[in-house]
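In what follows, a structure is listed as structure tokens, so that the remarks can point back to it.
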Protein chains: 2
Amino acid sequence: MNDITAKPAQDRVTIKDVAKKAGVSDISVSRVMRNAPNISAKLREKVTAAADELGYTPNRLAGALKTRSSNLVAVIVPSMSNAVFPEVLDGIDSVLAENGFQAALGITHYDKERELQVVRDMLAWSPMGVILAGTDQDERVRHLLLKQAIPVVQMMDIDSDPIQVAVGMSHRDAAYEVAERMVAKGYKKFGYIGAWGERPDRSKLRRLSFEEKLSELGCPLIARLIRDENSSVQIGAQATQALLAENPDIDCIFYANDDLAVGGYFHCMSQGISVPEGLAIVGFNGIDLGQALPSKLTSVKTPRFTMGKESASILLRCHNGAEVAPIHDLGFELMLEGTA
Amino acid sequence: MNDITAKPAQDRVTIKDVAKKAGVSDISVSRVMRNAPNISAKLREKVTAAADELGYTPNRLAGALKTRSSNLVAVIVPSMSNAVFPEVLDGIDSVLAENGFQAALGITHYDKERELQVVRDMLAWSPMGVILAGTDQDERVRHLLLKQAIPVVQMMDIDSDPIQVAVGMSHRDAAYEVAERMVAKGYKKFGYIGAWGERPDRSKLRRLSFEEKLSELGCPLIARLIRDENSSVQIGAQATQALLAENPDIDCIFYANDDLAVGGYFHCMSQGISVPEGLAIVGFNGIDLGQALPSKLTSVKTPRFTMGKESASILLRCHNGAEVAPIHDLGFELMLEGTA
DNA sequence: AATTTAAATGACAACGTTACCAATCTACAT
DNA sequence: ATGTAGATTGGTAACGTTGTCATTTAAATT
């Protein structure tokens, strides 16, 4: 025992170690591990036995480098605070996981500069594809993505030209429909409440479309209040109070989202304003909370989980070479409930 | 122009292309790209110019393979539907992004088998570290992670032995405190409402600790109702109705989370039950919604965003070789508001 | 049995980086 | 001038896998 220090801290167990142990070639191990065709049962058994014994874990870095493709999918969303995105993410992951893909998450915080950075970082991993939110990306992001030979899906809205494919709904149409139905119901003095400085752009589009249609119908928006803070029930209540203080004759408020709308509802409750007689309230998104209120919230139900699912499955289809339409309209549903 | 088909679909721009264009060696490009020390201004300029012109994007797969380390961090959570995890994720990402790391997301759906699979898949990417939720992992997962030479942080609760480091709060203590304070307030007939089959385990621990302390204080739990469905405001309302129907004398209900508790509150509102006189309501998590109710929700405020932040920053510290305590108690706050 | 065809395995060379070590080139002290 | 430390650059060989093509072996055909 003179040749000391035998084991120099053997790092990772590689395909070579397994091959040696199983008495086969490296490539055979590789084939067994990725379930390639034409493998004899005997080989498979030998290899898996050796692999299990050694506790071998394939190194995807090496594999991906060689195949020039990975099972990572870049998923880039603006925020995690808005309940919409977790739901969408859930939908995405449900499809990806089932097909052996992995979501790599990027959060932009509604910052264009950061979005560019995140996209760059993601592309460095040679993702199989990219899913991002909205169609209002910076020109540099569009350009960068355009150059890649991978599928790119933009989700949430379909109101602008997509880079490749857009999956979502028309926020313009949703706003039009809200305006039309509320006017038809007899409301005449409309208000609008938004937050977070109207990020993302699609919320602004929604408001503009709402205003446009209202004017068209002969009863233009009376007043609007866009708070800088992020949306929340509390902000919704505060904003409602402020808006009504300045414009007591408003009979219907369209909110940028359900959180704000619920806040408005609570405000009415605490002030003894009857809903919808004293004030009609219309939210946006159709989240669970709104349907649990003593009086159910009238809102536009958006297909969030489905949007995620569809985005991912369309991405997969693109990846598999299928021809895919550039616009996928998943629609929405105006739920006329108790508050308007 | 006879030598046709010049460009054979030149794939990715590599470091070699940049080197050729800039008239320098590959390695120099590499060094400039990762801001290595001792680079002359001239070299840097030549390289960046060439890189920009060619639109070069580094290939992290190759880099990570060579350095045997990546900037990916595996983040494994059980669910996205529960608002707790998006918030935690937000906290994690805020720290990771700032330090040049990337979150790779895995969702287990509270399935042990799936968790194992997800952990395996993640480890194949040689992540810098792993962050997961809870301390109730399957033995195989613990074993697998124990073998890795990377930092592992378990977040959410600190009531069991961590693999390496646990960051969170004691759900046992929180339950104890709720029991003590409510008994001190004079409530005597306690009920408990949970959902989702008491996943994750820490919610069960919370209930058991609550029951234990109540017994100790001489007023054992009257009744409990654990719904199978996922938590929601609606389920909370239904469960409250059911529990009260069977046990009309209950004067205080502790809910597994705020969604359920808000449901309970709505139920009371619609039934004309005064809160907290007719029924005291205690939630868990301290989410925004509860504080926006006409009467604020009494709840245990958990440090969700902070938990994410701390988890990530502790992971970073471990990665940088610092010694880190195995248990990090971030505490909680029992917010005594209007409903109890 | 001879021949063809397919199935099963192996050898070698990449994939695009970076670690490691060697070489060159400054600037400054002798 | 001459040497020398330090700054700057380059060459070579991996990292661990898989694509491509060659080879062997078994099964199928005549």
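Below, each value reflects all heavy atoms present in this structure, side chains not excepted, and no hydrogens, waters or symmetry copies. In the text below, chain A, chain B and the rest are named by the order of the sequence lines, each starting its count at 1.
Distance, A:W125 CH2 to C:dG16 C1': 13 Å, rounded to whole Å. In this entry the distance linking NZ of B:K20 with P of C:dG16 reads 13 Å, nearest Å.
No donor-acceptor contact under 3.5 angstrom links the side chains of B:S79 and B:R199, judged on distance only. Using a 3.5 Å distance cut-off with no hydrogens or angles, the side chains of B:S160 and B:D136 do not pair a donor with an acceptor.
Shown here are the salt bridge (Lys or Arg N to Asp or Glu O under 4.0 Å) partners of B:D157, two or more places apart in sequence or in another chain: B:R202. By the salt bridge (Lys or Arg N to Asp or Glu O under 4.0 Å) test, B:D121 is found to be paired with no residue, residues two or more places apart in sequence or in another chain being considered.
Taking only side-chain nitrogens and oxygens, A:R34 comes nearer than 4.0 Å to OP1 or OP2 of D:dT18.
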Scoring nucleotides 9-15 of chain D by protein non-hydrogen atoms under 4.0 Å (B base, S sugar-phosphate only, - none) yields BBB--BB

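Bending across the helix from C:dA1-D:dT30 to C:dT30-D:dA1, expressed as the angle between its end axes from five pairs apiece, amounts to 40° (10° rounding).
Distance alone, capped at 3.5 Å, is enough to place a donor-acceptor pair between the B:Q154 side chain and the B:I163 backbone.
The NE2 atom of A:H143 sits 10.5 Å away from the CD atom of A:Q148 when rounded to the nearest 0.5 Å.
Listed by first then second residue, pairs satisfying ring-ring contact (aromatic ring centres under 6.0 Å, His included) with a partner in residues 72-104 of chain A read A:F101-A:H319, not counting sequence neighbours.
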Please tabulate, one pair per line, all N/O donor-acceptor pairs under 3.5 Å involving side-chain atoms of residues 39-47 of chain A, not counting sequence neighbours.
from	atom 1	to	atom 2	distance (Å)
A:S40	OG	A:L43	N	3.2
A:R44	NH2	A:N35	OD1	3.4

